[in-house]
Amino acid sequence: MSKQYFSTNLTPEAHPADIFCVETTSEYAITSSGNSTLKFWSATSNNHELSLTIKTTHRLGIHHISANKELGLVAAVGFDGEISVWSLQDCSCRAVISDPKTAYWAVRFSADGEFLAATSLDGGIAVWNATSDNFERCGDLETKGSPGLAIDYSNDGRFIASGHENGGLYIFSTETARLLHSLPGHIKAVRAVAFSPLSKLLAAGGDSNVITVYDVTSGEQVFNLSGHSRWIMSLDWNFTGEYLLSGSFDKSLKVWSIEQTECVATQTESDSAVWAVKWSKTAGTARPQGFVSVGIDRTVRWYREATGS
Amino acid sequence: REEVLNKIENLISDLLAGVADTGLAKIKLSNRRAADSARQVQDMKLHLTARSAADTKQNIVAFPGPNILNSWRFAVLMRTLDIISESLSSGRVVTKRDVYYRETWLFKNQAIVDRIVDDIGRTLNVPRAALGIVAAQKGLTCGTFCMHKKDGSLMTVEGEIQLIPPFDEIKCIDVMDIDFVLVIEKEAIFRTLCACKFYNRADIGRSILITGKGYPDLSTRQFISYIAARYPDTPLFGAVDSDPYGIDILGTYKFGSRAMAHENSHLTALTLEWVGVNVLEYEDGWTKLSTVDRKKALKMLTLPWMEAEVAEAMRLELQRMLFLGQKAEMNVVGTDADGVIKYLAQAIKTRLGGR
């Protein structure tokens with residue numbers, strides 16, 4: 001059974017360079033690019049117009065974003081290796097985190113907004129207290145030293161997963177700060193990791209072109225999703241956990257049914273690599289489920305499921 | 001020439017006067033690397049204070065100095081000035097390698113000579129060529145064209161690889177109706193292109209091929225800059241590896257280098273168009289960006305010329321390399337052995353077609 005999605009809206013030339021990342025909240029889709037500006041696009045209006053911009057200090061460009069609605073904060077990581085945190089209310093800068101010894105790469109807020117975690121190019125994972133005034137560092141997880149390219153927090157807050165350039169894939173317990181699983185299945189770079197909404201499964205994808213899915217508790221690899229012909233750059237679960245969305249260097253994005261463990265839709269509107277994809281978080285409203293994709297073509301593309309057959 | 005000899009004479013006589021005065025011989029050298037804004041010392045002044053609170057813009061070289069290193073530096077400076085005056089007086093031109101080989105025990109390595117010669121040029125406020133010193137030629141060229149030399153001779157290039165002569169020997173270059181010029185980073189690719197007569201093809205026409213064998217020397221840059229200026233309607237293309245060094249080399253040809261900031265205007269080729277290879281356009285063959293590569297890429301992104309609109313493609317390329325953590329060498333593009341030839345021919349064809 002396949003699904004139909006169509007592109008409802010696109011904003012071409014949304015940024016003057018590649019759009020490296022997209023994050024969604026119930027209000028916005030946030031995009032970042034090769035310059036210092038974060039752009040906030042309205043998620044709720046039909047034409048998804050630009051609502052807000054924040055000019056950051058990341059002059060060299062921003063490649064990762066994470067937002068937390070509860071905190072009203074958005075964290076951005078620049079190519080300069082620093083993390084900056086901005087308030088969504090007044091667009092002020094709440095914190096700048098940097099480490100002279102390494103560069104941060106991927107970043108994620110925990111679902112409850114208590115913590116911010118980030119991978120770095122030296123392989124370590126750092127955790128900060130997001131509710132404290134000065135974002136104090138409260139934890140460090142060590143891995144084998146290969147740059148950490150992807151990170152995710154499980155929704156229940158109990159786990160952190162990281163994916164690395166050498167194929168390393170790890171699940172840590174946040175309670176004990178211990179490594180729970182070192183997951184096999186990748187010998188090339190892992191570029192995206194994502195926990196399912198109920199924190200039961202972990203999906204990982206990267207340069208092997210295949211998405212591997214694991215049971216979080218046992219660490220067992222439960223199935224694979226094949227179909228992309230180039231590197232997988234981005235993964236996101238929909239809020240019910242029934243579908244997984246992937247964006248790839250092969251210029252397409254795919255929607256996978258978890259129950260059937262197969263691809264149910266492929267979108268090829270972009271003529272160049274897709275760098276990031278995210279489901280929109282306007283679920284729970286009358287709107288049918290949709291998603292956003294960004295990439296080299298500098299266009300923010302919104303998709304919605306075709307309703308009715 | 002007279003002017004430079006006079007300047008050197010003045011330098012020495014001031015120095016001697018200083019010796020008579022204070023018993024110490026001192027010279028203030030303009031340090032080219034520190035002077036980003038290309039300010040130059042106009043007058044030679046002697047300072048009476050010794051110690052090397054080294055002024056970042058000017059180095060004080062003194063004899064007798066506080067230690068052996070200073071005495072050595074003084075000796076290096078004096079001997080180089082000596083060799084320069086000698087060449088200028090005799091009308092001979094020497095290469096930097098020649099200078100080095102005159103006193104290897106003193107100079108210790110080529111880099112020392114390169115630096116002191118540039119420092120002298122900057123201090124006396126003259127281009128290096130006016131000192132009678134040229135770099136040993138490194139650049140190669142191929143195609144069908146000719147160069148008129150200042151000594152009256154005619155150098156023809158007829159499908160054979162030739163060394164690009166020192167620019168001061170060239171009176172003018174006659175490109176003889178070519179369709180484009182292609183500058184290639186690496187010698188190996190250059191030779192591959194020459195071997196298959198890339199400079200004369202049915203689909204893209206006739207061209208001149210040039211390589212600087214990596215970072216280009218001044219003669220090569222002057223050669224290209226001349227052609228760009230003299231033949232502004234002839235497309236000028238550059239092809240480099242998809243790594244930070246390739247982009248840097250392209251930037252050197254196009255915008256100049258910081259080391260030679262004081263001579264840049266006749267060394268740049270702003271119309272040079274980057275044709276590849278784009279880091280995204282490989283089928284396979286990427287390698288990991290090392291920590292050193294990353295540092296280089298980041299450093300380049302902070303350079304002032306990177307913010308200009310003309311550098312946009314290069315800036316994006318560096319960001320993509322960083323984002324993917326990958327780089328690739330031009331020779332592995334495409335799926336077969338002639339991948340790079342096909343790639344370049346296609347890239348050039350597309351660009352020529354649009355004109």
Side-chain angles (χ1 to χ4, degrees), chain A residues 15-21 32-36 58-64 77-82 101-103 105-106 120-123 145-150 163-167 188-191 206-207 209 229-234 249-251 271-273 275-276 295-298, chain B residues 242-245 247-248 250-251 274 276-328 332-335 343 346-347 350:
Chain A
H15 281 272
D18 289 8
I19 306 179
F20 292 111
C21 192
S32 74
S33 175
N35 63 7
S36 56
H58 299 291
R59 273 180 50 237
L60 307 184
I62 299 167
H63 55 75
H64 272 84
V77 192
F79 283 104
D80 51 17
E82 295 186 344
K101 294 190 302 271
T102 183
W105 191 257
S120 60
L121 293 182
D122 67 7
S146 168
L149 302 181
H164 297 256
E165 196 177 49
N166 63 357
K188 296 200 219 172
V190 175
R191 296 187 186 272
D207 291 3
N209 308 345
S229 56
R230 300 305 277 284
W231 311 330
I232 292 162
M233 304 300 304
S234 180
F249 189 65
D250 70 8
K251 308 175 193 174
D271 61 1
S272 42
W275 285 148
I296 286 183
D297 68 3
R298 310 181 180 184
Chain B
S242 321
D243 59 32
Y245 295 93
I247 303 290
D248 200 19
L250 191 85
W274 175 54
V277 179
N278 194 300
V279 73
L280 303 171
E281 283 169 355
Y282 292 82
E283 283 299 315
D284 202 356
W286 284 275
T287 53
K288 266 186 219 176
L289 213 54
S290 71
T291 318
V292 173
D293 292 332
R294 273 187 190 271
K295 278 206 176 103
K296 174 88 185 152
L298 284 174
K299 189 152 178 236
M300 287 182 63
L301 283 172
T302 58
L303 292 177
W305 57 258
M306 269 288 175
E307 311 224 341
E309 216 184 292
V310 285
E312 197 199 304
M314 290 156 66
R315 191 185 152 85
L316 204 50
E317 184 71 357
L318 287 170
Q319 285 171 333
R320 285 178 192 159
M321 280 179 215
L322 286 169
F323 189 64
L324 293 171
Q326 316 260 34
K327 59 180 178 182
V332 302
V333 72
T335 45
Y343 178 95
Q346 183 56 41
T350 320

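Chain naming here is simple, since letters A, B, ... match the order of the sequence lines and numbering starts at 1 in each.
B:Glu281 contributes atom CD, which lies 10.5 Å from atom CD of B:Gln346 (distance to the nearest 0.5 angstrom). Residue A:Ser32 holds its OG atom at 6.5 Å from NE2 of A:His15, rounded to the nearest 0.5 Å. Note that CZ of A:Phe79 and CZ of B:Arg294 are 9.0 Å apart. Values are rounded to the nearest 0.5 Å.
Residue A:Leu149 does not touch chain B at all, counting heavy-atom pairs closer than 4.5 Å. For B:Glu309, no part lies under 4.5 angstrom from a heavy atom of chain A. Within the 4.5 angstrom heavy-atom criterion, only backbone atoms of A:Pro16 (N, CA, C, O) approach chain B. For B:Leu318, no part sits under 4.5 Å from any heavy atom of chain A, backbone or side chain. Contact annotation for B:Leu316: only side-chain heavy atoms (C-beta onward) come within less than 4.5 Å of a heavy atom of chain A. Contacts between B:Thr302 and chain A at a heavy-atom distance below 4.5 Å involve backbone atoms as well as side-chain atoms.
Checking A:Trp231 against A:Asn209 by side-chain atom types alone, no donor-acceptor pair falls below 3.5 Å. Side-chain atoms of A:Asn35 and A:Ser33 form no donor-acceptor pair, as typed in the model, at a separation below 3.5 Å.
Taking A:His63, A:Arg230, A:His64 one by one and counting their heavy-atom pairs under 4.5 Å with chain B, the maximum is reached by A:Arg230.
For the pair B:Asp293 (side chain) and B:Ser290 (backbone), a donor-acceptor distance under 3.5 Å is present.
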